[in-house]
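Written out below as structure tokens is the structure these notes cover.
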Amino acid sequence: MENDDEAGRSMHLIGGRRVSVSDLVDAGLVPAGAKLRFTRKRIGRTYEASVTDRGRIRLEPGGEEFRTPSRAAAVAAGMRAVDGWLAWVVVDQDRLLDAARQELLDQEIAKVTAAVDRQAKDATQQRVHERLRQARRRADQQDPERITVRDLLAFWGATDRGDQVSLIEADLANHGLVTSPSFRAVTLDTTVSLTTPPDETDETTTVESAVQADPAAEDDEGGGDLDVGLKVGNLSPLRGVMSVDPNSSIGEAITKMLIDDYSQLAVLSGPRNLRGAVTWRSIAQAVQLSPDASVAEAIEPHVDVVPYERDLFEVLPALQQRGFVFVQNESKEIAGIVTMADVAQHYGDMATPFLQLGELDQTLRWILGRTFDIKAVQQLCNKTTITSFDDLAFGDYQRVLENKDAWDTLGWPVDRATFISRLEAIRLIRNKVMHFHPDPVPEDAVDQLRRFNALLHKYRNPA
């Protein structure tokens, strides 16, 4: 039992949150009072700090204390973002705080492995730990692993960026890893690199690139900035764009647009040198002035270019005005395009299950209202706060229909257990939709909603 309890504590540590300096102190890997040093070789500056008995980092001189190494390093150096785990060296041990963190993770995984009755979750976390250790070794050897976001999520048994995102980010951060580009801000089929943050981010780095380079950097409350909005990159796979160079013929541009049914093409002189775009309108105007016009004479130079991590809402005005924006990847290459058609399709994909759930909710409420009185529903739900059927939540529908006597009152020729099982599956779909995750609901889930609604409409009239 003692081994199981110890394994449980280990899984709590490594199975959903970031390792803290206080964890290292508690484990005896970094003693209270240990001296820390952060050296910025490029500018020849060194910053000193120490570890308090509470596991905080105290800057010297000054005495300011911080819970996270990243916040302490950023304040000490006057920088916007820096990975403190890879900045602070434990002086007496001559190793980075990150090395102590990796040793702690190895110790905790060993405790889990030694437990006699390890649960499936423990085995999964051990597998993730080993997988990320391999990725970290490759990153340290400047040979970062490249993987699609979809395959990355599969490490944790996830199929989309839903409720497990915080767990995934914590595990990556604990192993000193980031994804480039950020796995949050691209499509599921975009390839990302598992790499370590840059050695340091100096004052010449823009705020946007600093945050992207080090999404694991935490503030003093233990978390990064809230980042839940839909990004431009969520609509673009960043696989490159169809393009022509300025010296191409109009015929080449027209052919490329016809073959793939495009309304515009990028005009590039190199992966980062966007000259503008050609569209059906600009081609028509150029040919009207000169039948022998070239692409150079049909270029629309005033186009919008946005980084992939930009909030989609911020670029909607540009999309409404021009119909498209070009998208830069993390290397500032023109790697994608987002059109108003893409936006309409994405929001259509989001709206379909939302509307299906709305119909389901209204139908269930109507069925219960026609079959039961409000007092009976109050008793079945054990909630006196329900004063009308409009007060019912999805869980209330389940509690009513799970009751055998209530089910028999409906008089439906449908198996109750099977119906309730599908209703529970619908509840899980509903939670995902209502939490507005960035990834679309799978088509099979939408089909489940449609079929369930059809069933309710067939039997909605009580016997």
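Keep in mind the model is a prediction, meaning the values are calculated, not measured.
Classification of Lys35 and Asp92 as a salt-bridged pair fails, no side-chain N sitting under 4.0 Å from a carboxylate O. A salt bridge does not link Lys256 to Asp260: none of the charged side-chain nitrogens sits closer than 4.0 Å to a carboxylate oxygen. Between Arg450 and Glu443, at least one side-chain nitrogen of the basic residue sits less than 4.0 Å from a carboxylate oxygen of the acidic one, meeting the salt-bridge criterion. Look at Asp106 and Arg133 and you find a salt bridge, because one of the NZ, NE, NH1 or NH2 atoms lies within 4.0 Å of a carboxylate O, short of that distance. A salt bridge does not link Asp140 to Arg137: none of the charged nitrogens lies less than 4.0 Å from a carboxylate oxygen. Under 4.0 Å is where a charged nitrogen must lie from a carboxylate oxygen, and between Arg37 and Glu60 no such pair does. With respect to the salt-bridge test (charged N to carboxylate O, under 4.0 angstrom), the residues Arg58 and Glu65 qualify. By the 4.0 Å N-to-carboxylate-O rule, Glu300 lies too far from Arg322 to be salt-bridged with it. One finds no salt bridge joining Arg127 and Glu130 here, because no Lys/Arg side-chain nitrogen approaches an Asp/Glu carboxylate oxygen to under 4.0 Å. Electrostatic pairing of Arg161 and Glu169 does not count as a salt bridge here, judged by no charged N lying under 4.0 Å from a carboxylate O.
Judged purely by distance below 3.5 Å, without hydrogens or angles, the side chains of Tyr397 and Asp361 pair a donor atom with an acceptor atom. Defined by atom type and a distance below 3.5 Å, a donor-acceptor pair is missing between the side-chain atoms of Thr418 and Ser421.
Closest non-hydrogen pair, Leu319 versus Val343, comes out as CD1-CG2, 3.7 Å. Across every non-hydrogen atom of Leu36 and Val91, the tightest pair is C-CG2, 4.0 Å. Heavy atoms only, all atoms of each residue included: Gly276 and Val303 are closest at CA-CG2, 4.0 Å. Between Leu29 and Ala100 the shortest heavy-atom distance is CD1-O, 3.6 Å. Nearest heavy-atom pair, Leu105 versus Asn174, reported as atom, atom and distance to 0.1 Å: CD1-O, 3.3 Å. Of all the heavy atoms in Ala266 and Leu274, the pair that sits closest is CB-CD1, 4.0 Å.
Inter-residue side-chain proximity for Pro181 and Asn329 is flagged as unmet; no heavy-atom pair is nearer than 4.5 Å. For the pair Gln264/Val278, no side-chain contact is recorded, criterion being any heavy-atom separation below 4.5 Å from C-beta on. For the pair His346 and Leu230, the minimum side-chain heavy-atom distance is below 4.5 Å. Side-chain atoms of Asp304 and Phe324, non-hydrogen and from C-beta on, never get closer than 4.5 Å to each other. You'll find the side chain of Val192 stays beyond 4.5 Å of the side chain of Thr148, heavy atoms only. In this structure, Val186 and Val149 have side chains that are in contact, with non-hydrogen atoms separated by less than 4.5 Å. Using a 4.5 Å heavy-atom threshold, the side chains of Val267 and Val295 count as touching. Considering only heavy atoms from C-beta on, Leu96 stays 4.5 Å or farther from Trp85 through its side chain.
In this structure, Phe419 has its ring center closer than 6.0 angstrom to the ring center of Phe452.
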(message) What verdict does the side-chain hydrogen bond (donor to acceptor under 3.5 Å, both in side chains) test give for Ser20 and Ser22, after you've listed the backbone C-alpha separation in whole Å, the side-chain angles of each residue and the deciding distance to 0.1 Å?
(response) CA-CA 5 Å; Ser20 66; Ser22 63; 2.7 Å; yes
(request) Take Arg56 and Phe66 through the side chain to side chain contact (heavy atoms under 4.5 Å, CB included) test and state the conclusion after the steps. (result) CA-CA 5 Å; Arg56 289 179 171 264; Phe66 301 93; 5.7 Å; no
(message) Using the rule given for side-chain hydrogen bond (donor to acceptor under 3.5 Å, both in side chains), can you reason through Trp156 versus Asp171, listing the C-alpha separation, both sets of side-chain angles and the distance that settles it, and then say yes or no?
(response) CA-CA 10 Å; Trp156 290 265; Asp171 282 346; 2.7 Å; yes
(message) For Thr191 and Arg146: C-alpha separation, side-chain torsions, deciding distance, then whether side-chain hydrogen bond (donor to acceptor under 3.5 Å, both in side chains) applies.
(response) CA-CA 6 Å; Thr191 298; Arg146 290 179 58 77; 4.8 Å; no
(request) Apply the test side-chain hydrogen bond (donor to acceptor under 3.5 Å, both in side chains) to residues Gln398 and Glu424: give CA-CA distance (whole Å), side-chain angles for both, the deciding distance (0.1 Å), then the verdict. (result) CA-CA 8 Å; Gln398 290 179 286; Glu424 171 63 14; 2.9 Å; yes
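Just one of Arg101, His129, Gln102 meets the side-chain hydrogen bond (donor to acceptor under 3.5 Å, both in side chains) condition when paired with His175; it is His129. Partner Glu145 forms a side-chain hydrogen bond (donor to acceptor under 3.5 Å, both in side chains) with one of Arg138, Gln134, Arg131 and no other, that one being Arg131.
The environment of Asp444 atom CG is dense: over 12 non-hydrogen atoms of other residues, nucleotides or ligands sit within 6.0 angstrom. Within 6.0 Å of atom CZ in Arg427, more than 12 heavy atoms from other residues, nucleotides or ligands are found, so the atom counts as buried in its surroundings.
No donor-acceptor pair closer than 3.5 Å links the side chain of Asp189 to the backbone N or O of Arg150.
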